[in-house]
Protein chains: 2
Amino acid sequence: MAKLQKSIDKRNALVKATIELVNNNGFHATPMSKIAKMANVSPATIYLYFENKQDLVNQTYIEVKAEYTKYAFETYDESMSVEAGFELIWKRIADFKLKECENAMFLAQCDNTPMIDELSRQQGIKHLQPLLDLWTRGKEEGIIKPLSEYLLYAYAINPLSFLMITQKRGAFQLDKTHLEEAYQSAWSSIKVCK
Amino acid sequence: MAKLQKSIDKRNALVKATIELVNNNGFHATPMSKIAKMANVSPATIYLYFENKQDLVNQTYIEVKAEYTKYAFETYDESMSVEAGFELIWKRIADFKLKECENAMFLAQCDNTPMIDELSRQQGIKHLQPLLDLWTRGKEEGIIKPLSEYLLYAYAINPLSFLMITQKRGAFQLDKTHLEEAYQSAWSSIKVCK
DNA sequence: TGACAAAAAATGAATGTTCATTCTTTTTTA
DNA sequence: TAAAAAAGAATGAACATTCATTTTTTGTCA
């Protein structure tokens, strides 16, 4: 197993370097040579693990996205009430975006630019299904507004990305209090007002 | 004035080409030669109007941002009630994002990547002041939740960018009905619940 | 166990291309 | 006709990818 172990370490180092460099400079301003240097590897070695630069970024995206959704739904279970389930998932997502800031920033950049193949993007979206199902249930129970998934996502989840980017720029600090306020805003935007 | 007129046309053509190409390919995948070709100009001519590529993009950003905020606040006046003022501004912004889709996409891309100088970004933010003032007034009157401006922006305005990008990708069509629903979500996320 | 050859992995240097920017010449304007 | 504007071609740097070698690993047999 020694060989395989070693390979995985290098691959991980490459993925990690890609995330860090793309976060700070963007896709096209990140040369393969720098990725190689940061991963302590020769540029040529990258091509043993990835087809080319596009493939490296696509694979990185898919991996990080999978990590993200795994974390988001890890403690969720479908027997929960809609409101409790939503709060749980929302707070896990918020948690991820604050703790795994680098990873989350990378996803945000991928989601907002033409950096990723459409195919890889589609793959990344699939994992959100449990949240979409929760919303469907909430609509049936009359707890959640009867809105399109895109609208629900835009108001309930997407603002977290904006807050994370703003925080990264240093303009603003997202602490415990703000987080609870943000949650309340998210919930009020999608719940049915009694 | 003939000379100046001609110059302004060329400058505008360059700015327009920049927006279109950067929208579709991103900053670094947009060569000066293509911008020149799309504007029917020699590459060398760009340097008569702009210092370099970074300057071209910075100036384009600042111009589009100014256009955007001008449109947003054109019909607003400070004597309006908080709720009416917010609805008006929100709908103007939504309108801009749908009608001037190219311009709005360009701003979204600039706001989400390290493509623009920090200085130019700061310049762009200033113009939002009337909205921030409206929110301050709303908080004083107990109509708007006592949240940080960043939180208010994240829930009241930013979701429109997400919806615009999603629409551009073709996954979803933002029609009149959706727009009204989106407005209601925005307003419920920031208003004080009675 | 240890030595060694075949295979795999890794490397640094080369290759060819793309691109921002500049230079020299031509065209347009006044 | 002098000055300004524009052009196309040239320059040099940066980069993704490949190539020819070197290093490391693996499996085999004494």
Side-chain angles (χ1 to χ4, degrees), chain A residues 1-61 106 109-110 113-117 120, chain B residues 1-61 106 109-110 113-117 120:
Chain A
M1 266 294 176
K3 189 191 78 186
L4 186 59
Q5 185 52 46
K6 197 171 188 186
S7 295
I8 283 176
D9 286 350
K10 278 201 179 141
R11 215 195 100 106
N12 289 344
L14 284 167
V15 165
K16 189 157 175 258
T18 302
I19 292 167
E20 187 168 337
L21 290 167
V22 169
N23 273 351
N24 292 316
N25 312 307
F27 173 63
H28 287 283
T30 299
M32 294 296 259
S33 55
K34 266 196 201 160
I35 296 176
K37 192 167 286 174
M38 181 170 280
N40 282 312
V41 136
S42 153
T45 303
I46 301 182
Y47 294 85
L48 300 176
Y49 294 88
F50 303 94
E51 241 176 79
N52 51 37
K53 192 177 175 184
Q54 186 65 58
D55 181 48
L56 166 60
V57 173
N58 286 341
Q59 288 201 38
T60 301
Y61 174 75
F106 181 78
Q109 196 167 160
C110 290
T113 61
M115 182 172 123
I116 291 290
D117 282 350
S120 306
Chain B
M1 265 291 172
K3 187 191 79 186
L4 186 59
Q5 185 51 45
K6 199 172 188 186
S7 295
I8 282 177
D9 286 350
K10 277 200 179 143
R11 215 195 100 104
N12 289 344
L14 284 167
V15 165
K16 185 155 180 261
T18 302
I19 292 167
E20 185 167 339
L21 289 167
V22 168
N23 271 352
N24 292 316
N25 312 307
F27 172 63
H28 287 283
T30 298
M32 294 296 258
S33 56
K34 264 195 202 160
I35 296 176
K37 192 167 286 172
M38 183 171 277
N40 282 311
V41 137
S42 153
T45 301
I46 300 181
Y47 292 84
L48 300 176
Y49 293 88
F50 303 94
E51 240 175 80
N52 52 37
K53 191 177 174 184
Q54 186 64 59
D55 180 50
L56 166 60
V57 172
N58 286 341
Q59 289 201 38
T60 301
Y61 174 75
F106 181 77
Q109 196 167 160
C110 290
T113 61
M115 184 172 121
I116 291 291
D117 281 351
S120 307

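Just so we're clear, the structure is a prediction, and the values are computed from it rather than from any experiment. Throughout, a chain's letter reflects where its sequence line sits, starting with A, and its residues are numbered from 1.
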By side-chain contact (heavy atoms from CB on, under 4.5 Å), B:N40 pairs with (sequence neighbours left out) none
Could you give the [atom1]-to-[atom2] distance, from [X] to [N], as a whole number of Å?
{"X": "B:L48", "N": "D:dA3", "atom1": "CG", "atom2": "C1'", "answer": "14 Å"}
{"X": "B:F50", "N": "C:dA20", "atom1": "CZ", "atom2": "C1'", "answer": "16 Å"}
{"X": "B:I35", "N": "D:dA7", "atom1": "CD1", "atom2": "C1'", "answer": "18 Å"}
{"X": "B:M32", "N": "D:dA6", "atom1": "CE", "atom2": "C1'", "answer": "15 Å"}
{"X": "B:K10", "N": "D:dA5", "atom1": "NZ", "atom2": "C1'", "answer": "7 Å"}
{"X": "B:D9", "N": "D:dA6", "atom1": "CG", "atom2": "P", "answer": "11 Å"}
{"X": "A:K34", "N": "D:dC15", "atom1": "NZ", "atom2": "C1'", "answer": "12 Å"}
{"X": "B:L14", "N": "D:dA6", "atom1": "CG", "atom2": "C1'", "answer": "12 Å"}

Quick one, [X] and [Y] - any side-chain contact, counting heavy atoms below 4.5 Å?
{"X": "A:Q54", "Y": "A:N58", "answer": "yes"}
{"X": "A:M115", "Y": "A:V22", "answer": "yes"}
{"X": "A:Q109", "Y": "A:Y61", "answer": "no"}

Measuring to OP1 and OP2 of D:dA5, would you say a side-chain N or O of B:Y49 lies under 4.0 angstrom away? no
B:Y47 side chain near D:dA6 phosphate (N/O to OP1/OP2, under 4.0 Å): no
Quickly, which of A:T18, A:N52, A:L56 forms a side chain to side chain contact (heavy atoms under 4.5 Å, CB included) with A:M32? Name it, please. A:L56
Among A:L14, A:T60, A:V57, which residue meets the side chain to side chain contact (heavy atoms under 4.5 Å, CB included) test with A:I19? A:T60
Under 4.0 Å from any atom of DNA chain C, heavy atoms only: list the residues of residues 52-60 of chain B that qualify, in numerical order. B:N52, B:K53
Which residues within residues 39-46 of chain A lie with some heavy atom under 4.0 Å of an atom in DNA chain C? A:V41, A:S42, A:A44, A:T45
At what distance, to the nearest 0.5 angstrom, does NZ of A:K16 lie from CG of A:L21? 11.0 Å
One should read off an interatomic distance between A:Y49 OH and A:D55 CG, to the nearest 0.5 angstrom, of 14.0 Å
Can a donor-acceptor pair be found, under 3.5 Å and without considering hydrogens, that links the side chain of A:Q59 to the backbone of A:F50? no
